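Keep in mind it's a predicted model, so treat the numbers as computed, not measured. Numbering of residues begins at 1 and proceeds along the displayed sequence.
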Amino acid sequence: MKLLPRYPAFSRLWLAGAISQVGDKFNDLAIPIFVYSLTDSAWHLGLVGFVASLAIFIFGLIAGVVSDRLPRRPLMISADIVRLMVFLGLALLAYSELPLNITLICLYVAAFISSAADQFAQPSRYALITQMVDKDDLMQANALDHATTNIAAFIGFALAGITIEIVGVSMAFLLDALTFLISASLLLSIRHQEKIPENRKAFSFFQDLKEGLDYAWSKPVLKGTVIISLMVPAALGAMLALDIIFSHRVLLTGDRGFSILRLIFAPALALGFIYAGQRFKDMPRGILLSRTVLGVGLSRVGFYLTPLILMAFGVREPWVLFGAASIFWLMTAFIHSGIFLSIRMVIQEASESHFIGRSTGIINVSASVAWSLGQLSAGLADVMPVAVVLLFWSVFMVVLGIWAQRWKIFQSL
């Protein structure tokens, strides 16, 4: 927090990000609840999630190119205004009596547009942070930003649930819109002269995209991070999809146990960011990435294996199994922060300013594709024990972390 008084522009960017993150969590909860209340259908819930992911696939690379061409702060303000209008529209939709099919189409379109707008905001944010703080403070600034947005997400989910329960989904959409209005106002109030690259070539989307891909592949640590982003999210996507089943079938704590696990993850992750920002400030980013991938893999092995070992010795009390496993779950969350932080630092430090957007887009799209494929693999739990599938993906991350540490390109930054 000592950074904030020293960097007023970053302080406002940081606060705008925290507030818009609260709005994102209102969105993440309110849209699915609204869809389910209308349809009582798991298929429609899945379709909403698919539509939001589709926006990442379509706009991730486009947003990276645009963010490297246009002034970043106006782009972020525009993204907030778009989401403000979307959620004002959804608040009205919740009060309307339109036919079900039209209402659902509006919801799918809203989910798509909101997700697309976020793709333009994120790379712009990464680039602006590098201009607003000194290089020596960049790691701590990113750690603070990450930690705060995770706490904001935690608060956002809680507030969204309370709001929907007490006053309904329409008010949740209105409050969601308000967060983006506040965020846009804060961004508008920033007094910072953005550095715009001079003597750029004429705009050509495909040429700019190819240039970005060639650039990422020519930088060893960026290339390694893209490859990691095609592997780690596949494991994490599969495990996230199956953790609720693990809670039911192995820990025997059902939905309540899974909810508690998700509840305690965000604070532990936030503490991890603060610790990593202080402790690993001078560690090469590639080494930090490879070590934290290994650490998450090992802690996940502990989380899934501990209750199985206890049951082998006759322990059957669900909350004893849950408590023992939770120690490794907290370790997972704490270490996980290093993955997010090191990837952001690689993007910011290994990329020239006018390539940060494209580097971000390439890594985001790679991660989204891998995440989706990993979630599809969750179906293996229908034909084999869920613990076996989860242990496979955990060991996969351990092997990946060991391999990455031995890969010399991760020692280049």
Side-chain angles (χ1 to χ4, degrees), residues 7 9-10 13-14 16-17 20 56 59-79 116-146 149 187 190 192-201 203-229 277 284-286 288-289 339-368 409 412-413:
Y7 301 108
F10 169 71
L13 181 70
W14 163 79
S20 64
I56 300 175
F59 285 100
L61 296 176
I62 296 173
V65 171
V66 172
S67 146
D68 284 337
R69 280 286 180 173
L70 299 180
R72 274 75 179 244
R73 189 165 61 94
L75 198 57
M76 292 181 69
I77 294 170
S78 299
D118 187 56
Q119 302 315 300
F120 289 89
Q122 189 183 63
S124 300
R125 182 182 187 79
Y126 286 8
L128 281 176
I129 290 174
T130 65
Q131 296 184 18
M132 290 179 173
V133 301
D134 295 337
K135 186 176 180 180
D136 289 344
D137 292 323
L138 188 58
M139 172 75 97
Q140 289 175 280
N142 281 311
L144 176 62
D145 188 57
H146 262 308
T149 52
L187 293 171
I190 290 175
H192 170 75
Q193 187 62 44
E194 183 178 345
K195 299 173 186 176
I196 306 294
E198 298 179 356
N199 301 323
R200 298 293 309 280
K201 296 181 293 184
F203 177 74
S204 169
F205 172 75
F206 291 106
Q207 181 61 35
D208 277 20
L209 179 57
K210 180 181 182 302
E211 187 181 55
L213 291 167
D214 291 342
Y215 181 84
W217 209 249
S218 71
K219 295 277 187 176
V221 75
L222 275 176
K223 178 170 70 173
T225 303
V226 171
I227 293 171
I228 286 288
S229 297
R285 314 313 182 198
L288 177 60
L289 176 58
I339 296 178
F340 291 122
L341 189 56
S342 56
I343 288 176
R344 188 191 284 199
M345 292 297 296
V346 165
I347 291 170
Q348 292 172 329
E349 293 180 334
S351 304
E352 296 172 66
S353 177
H354 58 285
F355 279 104
I356 288 179
R358 280 166 285 183
S359 298
T360 304
I362 291 164
I363 289 172
N364 280 351
V365 170
S366 300
S368 296
I409 66 172
S412 61
L413 180 66

Could you check R285 against V221 for side-chain contact (heavy atoms from CB on, under 4.5 Å), going step by step and ending with a plain yes or no? CA-CA 9 Å; R285 314 313 182 198; V221 75; 5.8 Å; no
Intermediate values then yes/no, side-chain contact (heavy atoms from CB on, under 4.5 Å), Q119 and I62: CA-CA 9 Å; Q119 302 315 300; I62 296 173; over 6 Å; no
Does R72 form a side-chain contact (heavy atoms from CB on, under 4.5 Å) with Q131? I'd like the steps, not just the answer. CA-CA 11 Å; R72 274 75 179 244; Q131 296 184 18; 3.8 Å; yes
Please evaluate residues L144 and Q140 with respect to the criterion side-chain contact (heavy atoms from CB on, under 4.5 Å), reporting the C-alpha separation (whole Å), side-chain torsions for both, the decisive distance (0.1 Å), and the verdict. CA-CA 6 Å; L144 176 62; Q140 289 175 280; over 6 Å; no
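Between I347 and L222, the shortest heavy-atom distance links the atoms CA-CD2, 4.4 Å. Listed here is the closest heavy atom pair of L13 and I190: N-CD1, 3.8 Å. The heavy-atom pair separating L289 from I343 by the smallest distance is CD1-CG1, 3.9 Å. Summarising the geometry of L341 relative to A143, their closest heavy-atom pair is CD1-N, 3.7 Å, with the distance given to 0.1 Å. Shown here for R69 and D208, the closest heavy-atom pair between the two residues is NE-OD2, 2.7 Å. For the residue pair L75 and S67, the shortest heavy atom distance occurs at CD2-CA, 3.7 Å.
Without hydrogens or angle criteria, Q348 side chain to A127 main chain gives no donor-acceptor distance under 3.5 Å. Of the possible donor and acceptor atoms, one in the side chain of R73 sits under 3.5 Å from a partner among the backbone N and O of L187. No donor-acceptor distance shorter than 3.5 angstrom exists from the side chain of R358 to the backbone of L213, with no hydrogens or angles considered. The closest donor-acceptor contact from the side chain of D137 to the backbone of V133 lies at 3.5 Å or more, if one exists at all. Side-chain atoms of D68 come within 3.5 Å of backbone N or O of G357 as a donor-acceptor pair.
Using a 4.5 Å heavy-atom cutoff, the side chains of P74 and L70 are not in contact. Counting heavy atoms from C-beta outward, E349 and T130 have side chains that stay 4.5 Å or more apart.
Side-chain contact, S359 with S351: a donor N or O sits under 3.5 Å from an acceptor N or O. Side chain to side chain, D134 and Y7 meet the donor-acceptor criterion of an N or O pair below 3.5 Å.
Note that the CG atom of L128 and the CD1 atom of I356 stand 9.0 Å from one another [nearest 0.5 Å]. Atom-to-atom distance recorded for D118:CG and I56:CD1 is 7.5 Å, nearest 0.5 angstrom. One distance of note links CE of M76 with CZ of R125; it measures 5.0 Å at 0.5 Å rounding. Within the model, atoms CD1 of I77 and OG of S124 stand 10.5 Å from one another, a figure rounded to the nearest 0.5 Å.
Not counting sequence neighbours, the partners of Y215 by the ring-ring contact (aromatic ring centres under 6.0 Å, His included) test are F355.
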